[in-house]
*Asks:* 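One structure, as structure tokens, below. Some questions next.
Computed from a predicted model, the values in this text were never measured in an experiment. Note that ligands are numbered from 1 as they come in the structure, with each ligand's atoms numbered from 1 the same way.
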Amino acid sequence: MSAAFLDLPQFVSAAGTLRLPGSKSLSNRVLLLAALASGRSEIRDLLASDDTARMLDALRTLGVGIAPAGDGAFVVDGVAGALPVRTAELFLGNAGTAFRPLTAVLALAGGTYRLSGVPRMHERPIADLVDGLRQLGAEIDYLAGEGFPPLLIRPPRASAAAVVRLRGDVSSQFLSGLLMALPLRGAETTVEIVGELISRPYVEMTLATMARFGVLVQRDGWQRFSVAAGSVYRSPGVLPVEGDASSASYFLALGAIGGGPVRVEGVGRDSIQGDVRFADALAAMGARITHGENWIEAAAPGAGNLRGIDLDCNHIPDAAMTLATVALFARGPTTLGNIASWRVKETDRIAAMASELGKLGVRVDSGEDFIRVHPPGPTESLLPAVIDTYDDHRIAMCLSLAARGAPLRINDPRTVGKTFPDYFERFAAMTRPVPVVAVDGTSASGKGTIAARVAQALGWHYLDSGALYRLTALAALRAGAAGDDEAAVAAIAATLDVEFAGTSIRLAGDEVGDAIRSEEISRAASLVAALPAVRSALLFRQRAFRRPPGLVADGRDMGTVVFPDATSKVFLTASLEKRAERRLKQLIDKGIAANIRDLVQDLGERDARDGQRSVAPMLPSSDADLLDTTDLTIETAVAQVLDWVNEVPEKG
Ligand code: DC
């Protein structure tokens, strides 16, 4: 089971080195050509991902011998142009880099095949490719919507056609797929492009990969492509796959927005992948870029800020998405143009990016083929946001970069598995989050006072998490919800309208700083805090307090649940009698009548309930420092906590 969401803390810097996973586009091209070639190929550094898994499954179903050879390598026994299995059903998920070329190859292969995918794949157009293939005699039927998968492919009619006219302005994958299939015909064939050919660098990758397998395509500008009669694929033997240049874009962007330097290894100056040009776009925004033969490095501008750019992105459609989030950290707006192909990808990427970037509180303009991002002003900051990912790996990876400016919750983060299964682990290893001091402890152990003073001494933000449970209890009481109606109270917690400003706390506009400290609300808070749905409703709200330069958070589960990665953790205790005495003094100071016996009993009951509930019980984290405040003054306790905080070495 994959997690439903991942919370990313805001990060203050990023630096490091990453060995890139293999290129998705090259992996699937190389696999297909190795399968069609004569001879055995050893493919090294193949990307392990959903898209390549779909291609591997499909080729095996078609009778191609493929065996893993350890460490990302695969041995493929080529079928010399004749697929052994002539009738098959293939499920290709949402892998465009498998669906398009396999459609072309199978349409010319002479068997009967049914190709389908996930529902989104059935919304992605394929008519231009099918129209092209039909000119060569292919027999292809649409099984659902006209112009879209799923498809039924039968053996082609004999055809002497030598010229195919193909539209090139929806997706370059149609031309790539068709070109890779043409050697199966044996006869000379020319493809003429109708309209503008988009995403040309991907076609160049196709031509370069075909050349590695011995087939040279004659090219006349970007208009005509010819494959000679008798062209056959031959295995080149051992073939390493370059690192993924699109995946590199996220980490180069981290270097540009997080200080850097960040180095990616596996692509370099002479890469055949178009997306390496992303580095030029970052340089145009002011980032410092250096290249080696097999690496690229990015760092923030030497002085001043990144600046917005206006760029035609036809040549880097995938990596351009990364620019849309980098734009959040530049001066001035950024306009990315000529990106209509975004609308037919894993999701409508223009609509998705506009909607998710908008959640961060920035203005985004978009149209049929462009997007414009207006960054926040110098005194504004991004808003914490819950990001939806649309089953689109690139939306998830791009938007994660916005955590440079705000805490984020990424829904369905495992969608990155399409091309980069351990993306978030790599991301975490390279970024330094805003530091947190977690101060947990029993009721009236002094943690509120101590935590607030530590925050003041450090100049950091302060979170009184107990106040959120108290506010929930008060709001539930005011709304007339029963304290044990878990769903109702959780809904109230999720939509609490609160405003903290200094010592003032407002609930729906009302000052409630004193009201939430009453003994009645103390008891009610401890009851609602035991409801699991209430705790999860308040989780992201608490994490959203983690803003630069740092946060001191007090509560019961700061170090165990809310901020398990806190830089320092402290657990405070004091004897029950001492705590009752402190509470009595507080109440008397406020002019509230109370007696010590009742307070001892009440605190004892609350300790028991907070410590024994099934979710997030009050417990010291195993890595917390314990501090018994029974005989300590506030000043001594604060000084001790500050000592511990200052002992923590900075993560590099
Ligand atoms: O810290 P406090 O007394 O203001 O907390 C009020 C109640 O909320 C207390 O009974 C425990 C609960 N609480 C919690 O369960 N988890 C937190 N992180 C903070 C408070």
Side-chain angles (χ1 to χ4, degrees), residues 436-452 454-455 462-477 483-484 486 489-490 492-493 496 498 500 503 505 507 512-546 551-564 566 569-574 576 579-580 582-584 586-587 590 592 594 599-621 624 629:
V436 181
V437 179
V439 181
D440 288 305
T442 52
S443 300
S445 59
K447 62 187 166 22
T449 312
I450 292 167
V454 169
Y462 167 57
L463 165 64
D464 170 3
S465 64
L468 289 173
Y469 291 95
R470 292 171 180 273
L471 285 159
T472 302
L474 180 63
L477 193 74
D484 58 355
E486 183 163 355
V489 181
I492 289 169
L496 273 186
V498 295
F500 293 89
T503 53
I505 302 178
L507 179 63
V512 294
D514 285 334
I516 60 166
R517 303 287 160 200
S518 73
E519 288 304 292
E520 181 194 9
I521 293 298
S522 296
R523 253 190 313 276
S526 158
L527 286 169
V528 301
L531 304 173
V534 171
R535 302 198 75 83
S536 55
L538 291 176
L539 191 55
F540 186 60
R541 189 183 278 264
Q542 295 172 80
R543 289 176 173 163
F545 280 82
R546 187 173 187 177
L551 175 69
V552 181
D554 92 57
R556 304 294 186 287
D557 61 345
M558 297 297 101
T560 48
V561 175
V562 182
F563 302 110
K569 299 181 185 179
V570 184
F571 193 89
L572 301 180
T573 54
L576 188 55
R579 290 187 284 132
R582 288 177 185 160
R583 185 69 98 202
L584 183 67
Q586 273 175 357
L587 292 172
K590 285 191 203 154
I592 301 171
L599 284 173
V600 167
Q601 188 184 342
D602 231 46
L603 281 172
E605 280 171 10
R606 249 195 289 158
D607 284 354
R609 197 156 45 223
D610 293 343
Q612 287 160 19
R613 64 181 173 228
S614 62
V615 281
M618 170 178 68
L619 268 181
S621 176
T629 66

*Asks:* Give the residue, atom name and distance (to 0.1 Å) of the protein heavy atom nearest atom 4 (O) of ligand 1.
*Replies:* R470 NE, 2.6 Å
*Asks:* If we only count heavy atoms from C-beta on, is the E605 to R523 side-chain gap below 4.5 Å?
*Replies:* no
*Asks:* Tell me if the CD atom of E519 is crowded by more than 12 foreign heavy atoms within 6.0 Å.
*Replies:*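 More than 12 within 6.0 Å, yes.
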*Asks:* Side-chain contact, heavy-atom cut-off 4.5 Å: V562 with L463?
*Replies:*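 Side chain of V562 against side chain of L463, heavy atoms only: no contact under 4.5 Å found.
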*Asks:* Hey, which atoms in ligand 1 end up nearer than 4.0 Å to a heavy atom of G555?
*Replies:* 17 (C), 18 (N), 19 (C)
*Asks:* Taking distance alone, with N or O pairs closer than 3.5 Å, would you say R535 contacts ligand 1?
*Replies:*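 Yes - when backbone and side-chain N and O of R535 are compared with those of ligand 1, one distance drops under 3.5 Å.
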*Asks:* Only heavy atoms of A529, strictly under 4.0 Å: list the atoms of ligand 1 that pass.
*Replies:*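 Checking each atom against A529, I get 12 (C), 15 (O).
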*Asks:* Of the options R613, R609, R606, which is the one that meets S526 in a side chain to side chain donor-acceptor pair (under 3.5 Å)?
*Replies:* R609
*Asks:* For atom 17 (C) of ligand 1, which candidate among R613, M618, R556, M558 holds the nearest heavy atom?
*Replies:*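 Nearest heavy atom to atom 17 (C) of ligand 1 lies in R556.
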*Asks:* Suppose we measure from atom 20 (C) of ligand 1 to each protein heavy atom; which comes out shortest, and what is that distance?
*Replies:*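 Closest protein heavy atom to atom 20 (C) of ligand 1: G466 CA, 3.5 Å.
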*Asks:* Could you identify the single nearest non-hydrogen protein atom to atom 19 (C) of ligand 1 and state the distance to 0.1 Å?
*Replies:* S465 OG, 3.3 Å
*Asks:* For ligand 1, which atoms, with element, lie under 4.0 Å from some heavy atom of K447?
*Replies:* 1 (O)
*Asks:* Ligand 1 and S443, any nitrogen or oxygen pair closer than 3.5 angstrom?
*Replies:*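 Between S443 and ligand 1, no N or O pair is found under 3.5 Å apart.
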*Asks:* Short list, please: which atoms of ligand 1 are under 4.0 Å from a heavy atom of D610?
*Replies:* 9 (C), 10 (O), 11 (C)
*Asks:* Considering non-hydrogen atoms of the protein only, which is the closest contact for atom 8 (O) of ligand 1, and what is the distance?
*Replies:*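 Of every protein heavy atom, Y469 CB, 3.5 Å lies nearest to atom 8 (O) of ligand 1.
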*Asks:* For atom 7 (C) of ligand 1, what is the closest protein heavy atom, and at what distance to 0.1 Å?
*Replies:*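 Protein heavy atom at minimum distance: A525 CB, 3.8 Å.
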*Asks:* Evaluate Q542 for polar contact with ligand 1, using N/O atom pairs at a separation under 3.5 Å.
*Replies:* no
*Asks:* Who's the nearest protein heavy-atom neighbour of atom 10 (O) of ligand 1, and how far?
*Replies:* S526 CB, 3.0 Å
*Asks:* My understanding is that only residues two or more places apart in sequence, or in another chain, count here; which of them pass ring pair (Phe, Tyr, Trp, His ring centres under 6.0 Å) with F545?
*Replies:*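 In terms of ring pair (Phe, Tyr, Trp, His ring centres under 6.0 Å), with neighbours along the sequence ignored, F545 is linked to F500.
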*Asks:* Are the charged groups of D602 and R583 less than 4.0 angstrom apart, N to O?
*Replies:*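 So D602 does not pair with R583 through a salt bridge.
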*Asks:* Please list, chain by chain and in numerical order, all residues satisfying salt bridge (charged side-chain N to carboxylate O under 4.0 Å, His left out) with R579, sequence neighbours excluded.
*Replies:* D607
*Asks:* To check you understand the geometry: which heavy-atom pair defines the closest contact between L603 and S443, and what is its length?
*Replies:* CD2-CB, 3.6 Å
